[in-house]
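Working notes for the structure below.
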Amino acid sequence: SLISPYFYTKSMLAGKAKPHKVTRTVVWIASLTGIIGVIGSSNLAGIIFAGIFFIRATYLLIMAMIYGVGGATALDRICFVIGSLGVGLYFVTENPLLAVSFGILADLIAYIPTFVKTWKTPSSEDPTFFAIEMLASVFALIAIGEFRIDIFFPILFVLSSGTVLFLIYRKKIFHLR
């Protein structure tokens, strides 16, 4: 999803979206781990994907540090430590299924501060960004087309983006004030 950061940036510059710094930091660490993991492999598509994801995550981290919120609460610190530990375990394990499990755990933990923030302030996230992220992940699932280990990350991204979208629109869905 190369176009979603455009909409997120536009929303940040307008003072609407306020990405969570912990979420973006742990996602960046995970992307760094991912690119380190594929460098030197013969999987050109994986190297290109990891490179694009890393550049994108770096950009979003910089924007979160400038326009974002969070990082000071106990929940933020706990999620940062657990998410970072998950990324570290992802990188050092020799077992691919275990590595992917730790990577997913790290990303899931990283999104908890965003979920809490969006629950409290639904307008603090950009729905277009997360809708594009979710749609891109659905397309990734279709492209993978079979049950393989790399299918779990797109599933996570569908669920996390869908959760943020639900939190943004939950008051409208349930007619709450």
Side-chain angles (χ1 to χ4, degrees), residues 1-2 4-5 8 19-65 68-119 125 129-130 133-134 136-141 143-167:
S1 59
L2 295 175
S4 61
Y8 210 24
H20 202 284
K21 293 175 183 177
V22 170
T23 299
R24 292 290 143 212
T25 301
V26 176
V27 169
W28 179 82
I29 293 168
S31 72
L32 176 63
T33 303
I35 197 161
I36 290 170
V38 298
I39 297 268
S41 77
S42 61
N43 181 357
L44 182 60
I47 293 169
I48 291 169
F49 177 78
I52 291 169
F53 189 74
F54 176 71
I55 291 167
R56 186 178 167 284
T58 301
Y59 171 76
L60 292 174
L61 175 62
I62 292 167
M63 294 300 287
M65 291 303 156
V69 297
T73 70
L75 175 66
D76 293 343
R77 290 189 297 274
I78 290 167
C79 289
F80 177 77
V81 169
I82 294 172
S84 297
L85 180 63
V87 170
L89 292 171
Y90 170 80
F91 187 65
V92 300
T93 184
E94 298 288 325
N95 180 325
L97 184 58
L98 196 57
V100 168
S101 299
F102 286 130
I104 288 171
L105 174 66
D107 278 344
L108 182 60
I109 297 295
Y111 268 91
I112 290 172
T114 295
F115 296 155
V116 171
K117 176 184 66 76
T118 308
W119 174 268
E125 285 298 351
F129 173 79
F130 286 98
E133 293 291 296
M134 191 167 92
S137 297
V138 167
F139 287 142
L141 288 169
I144 292 170
E146 62 183 327
F147 189 75
R148 299 185 331 213
I149 198 163
D150 56 347
I151 201 166
F152 293 110
F153 280 107
I155 290 170
L156 170 68
F157 296 141
V158 167
L159 294 175
S160 60
S161 295
T163 300
V164 173
L165 284 170
F166 172 77
L167 294 172

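All values derive from a computational prediction rather than experimental measurement.
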[X] to [Y] - nearest heavy-atom pair and separation:
{"X": "Phe152", "Y": "Ile104", "answer": "CB-CD1, 3.1 Å"}
{"X": "Gly71", "Y": "Arg77", "answer": "O-CG, 4.3 Å"}
{"X": "Ala106", "Y": "Val26", "answer": "O-CG1, 3.8 Å"}
{"X": "Arg24", "Y": "Pro19", "answer": "CG-CB, 4.3 Å"}

Given side chains that start at C-beta, do those of [X] and [Y] come closer than 4.5 Å, heavy atoms only?
{"X": "Glu125", "Y": "Lys117", "result": "yes"}
{"X": "Val27", "Y": "Leu60", "result": "no"}
{"X": "Asp107", "Y": "Phe153", "result": "yes"}
{"X": "Arg56", "Y": "Pro5", "result": "yes"}

Considering only distance and modelled atom types, tabulate donor-acceptor pairs under 3.5 Å from the side chains of residues 78-87, sequence neighbours left out.
from: Ser84; atom 1: OG; to: Phe80; atom 2: O; distance (Å): 2.8

For the atom pair [atom1] ([X]) and [atom2] ([Y]), what is the distance rounded to the nearest 0.5 Å?
{"X": "Ile47", "Y": "Ile52", "atom1": "CD1", "atom2": "CD1", "answer": "12.0 Å"}
{"X": "Leu167", "Y": "Phe130", "atom1": "CG", "atom2": "CZ", "answer": "10.0 Å"}
{"X": "Leu61", "Y": "Thr23", "atom1": "CG", "atom2": "OG1", "answer": "11.0 Å"}
{"X": "Leu156", "Y": "Ile151", "atom1": "CG", "atom2": "CD1", "answer": "13.0 Å"}

Quick check on side-chain hydrogen bond (donor to acceptor under 3.5 Å, both in side chains): which of Ser160, Ser4, Ser161 does Glu133 satisfy it with?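 Running side-chain hydrogen bond (donor to acceptor under 3.5 Å, both in side chains) over Ser160, Ser4, Ser161 with Glu133 returns exactly one hit, Ser4.
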So, applying side-chain hydrogen bond (donor to acceptor under 3.5 Å, both in side chains) with His20, which one of Asp76, Thr118, Thr25 is it?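 Testing His20 for a side-chain hydrogen bond (donor to acceptor under 3.5 Å, both in side chains) against Asp76, Thr118, Thr25 leaves exactly one candidate, Asp76.
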Return the set of residues passing side chain to side chain contact (heavy atoms under 4.5 Å, CB included) with Val158 (not counting sequence neighbours), or none when no residue passes.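 Val158 satisfies side chain to side chain contact (heavy atoms under 4.5 Å, CB included) with Met134, Ser137, Val138, Leu141 only.
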Side chain to side chain contact (heavy atoms under 4.5 Å, CB included) with Ser31: which residues, sequence neighbours excluded? Trp28, Phe53, Phe54, Ala57
